[in-house]
Amino acid sequence: MNRRDMAKHLKQKVSEVLELPGDIVLDLPKVTLIGDVKAFIENHRGILEYTTSRVRIYTTAGELTVHGDKLRIRSIVLEEICIEGEIKGIILNKDG
Amino acid sequence: MPVFNFVSYLIGYVIILVEGDSPEKFINLALGNGVVLWDITSIGKDRLLVKVRLSAVRTLRQVARKTHCRFWIQKRMGIPFLYLRIKRRKSMALGIVIFVLGLYFLSSFVWFIEVTGNRHYSSAEVLGVAAEAGLKQGVLKKQLKPKIIEKVIQECLPDISWVGVTVKGTKVVVETVEKTQVKKEKNENHAHVIAKKTGIVKEILVINGQAVVREEDTVVPGQILISGTPEQGQSAGEAKKPLYVHAKGIVSARVWYNGYGEAYLKEKGQRYTGRTATRLILKIGFKELRINPSGIPFTKYKKEVTRKILPSWRSFKPPVELIKQKYYELENYESVLSREEARQKARQKAWAKVKKQIPEQAGIIRQETEEIAGKQEELVRIRILVETKEDIGLEKTF
């Protein structure tokens, strides 16, 4: 176990003990899906690809892909992306 | 988001078309530079439509250079551009200003005057007086002094007892209330004095006419007491032409009144506890929205519902309605009265009934209370008999 893993482990423990939400302490993405019309991705690290049928977003937990039709980015700021359209699936790819 | 959009509209924003090998990089770098982008839509391969605030366009030029993208402004939106457009069309802007000013200017005059409530006076008469007081068509609303106009109208038209002058937009409504003319007594007509009640005559005081009944006579309602056609027999020798007069006089008589009341020894019923609860409901269309979401805290209650509806316009009814439900708590009660208490209660009821029938000026001579024996032991019945002395005469023309 190297130092980085140790730090991560410690952070995880702290978040569990103090009952703090993981997305804040561990800097993990938080995805909120509203039906099939809207998706909010908080804590992102930038867009990798954007077309009307697919949006790939880089996050600390890996690559997040939103599949769908007529997708558009309703708003984008440093902390949050809001995607609108006919969402069909969201996949988290750890290797990405 | 609505606030953000509104501010963007105020300070102006543009829709830009971004083209390049990787517009995603453009977006990421723009974000890194603190530029807020919204409504990003892809139109074909590597072409994006992006909305961005006007103030950020300069930053985006650097971003585009670094990411090897190009962008063109497609559409300009918001107040700054609107202002530019208006500046180019000066005559139209002037037209708008003139229109608004004209509307304001014209609405500061009185254009219509309405007179309501007048029957005796014609509207023209009232308007004529109002014109003298300074209320006529085309007068400035500011110069109008409703109080003074009201006063002048009331002074000039004496049959008007109240005037209200109210300004409603460009219309002035003159509300009038006229005095109701008191009908003159038909003094010159011929009249009898007749009885209005059954009773025994005690005293007759004839002012005019001839007494037909005597003291201690029993009379029934409608019977003539003092005749308006005195017999001519007394003044002998004169022609037998009947003489018609307006009979007048006071006929005092003894009149009896009855009152009955009863009371149960055991009473059961419901009464208010004094506690109330209100519930407000906002009805929009068919949906009912409860404003203060509390249940009815009472088991027994009386409900009172009041509805507030917005005024309807022509056949259009506003779909919004405020319903106020007020609940009054009720409780059961059972009271047991002693015989004496029940008697008193029954007496009170009976007395209340008697009192209603007796006119105010009647003098009470005698009063009797009797208890009626009934089969039901738990019921007390009381009858009150009241004897009064009062004027039973009523003038009636013929």
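Just so we're on the same page: letters track the sequence lines, and every chain starts at 1. On a predicted model such as this, the values are computed, not experimentally measured, just so you know.
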Give a yes or no on this: more than 12 heavy atoms of other residues, nucleotides or ligands lie within 6.0 Å of atom [atom1] of [X].
X: B:Y333; atom1: OH; value: yes
X: B:K141; atom1: NZ; value: yes
X: B:F112; atom1: CZ; value: no
X: B:D21; atom1: CG; value: no

Best-contacting candidate, A:I83, A:T51, A:L78, A:I47, against chain B by heavy atom pairs under 4.5 angstrom: A:I47

Options A:V77, A:L71, A:I76, ranked by heavy-atom pairs under 4.5 Å with chain B, top entry: A:I76

Note, B:D39 side chain near A:R74 side chain (heavy atom, < 4.5 Å):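 Answer yes - side chains close enough.
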
A:Y50 side-chain N/O to B:L48 backbone N/O, donor-acceptor pair under 3.5 Å: no

Where A:H44 and B:L31 come nearest, the two heavy atoms and their spacing: CE1-CD1, 3.8 Å

Non-hydrogen atoms of B:S42 and A:T52 that approach each other most closely: O-CG2, 3.6 Å

Under 4.5 Å from a heavy atom of chain B, the part of A:L48 involved: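 When you check distances to chain B, only backbone atoms of A:L48 fall under 4.5 Å.
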
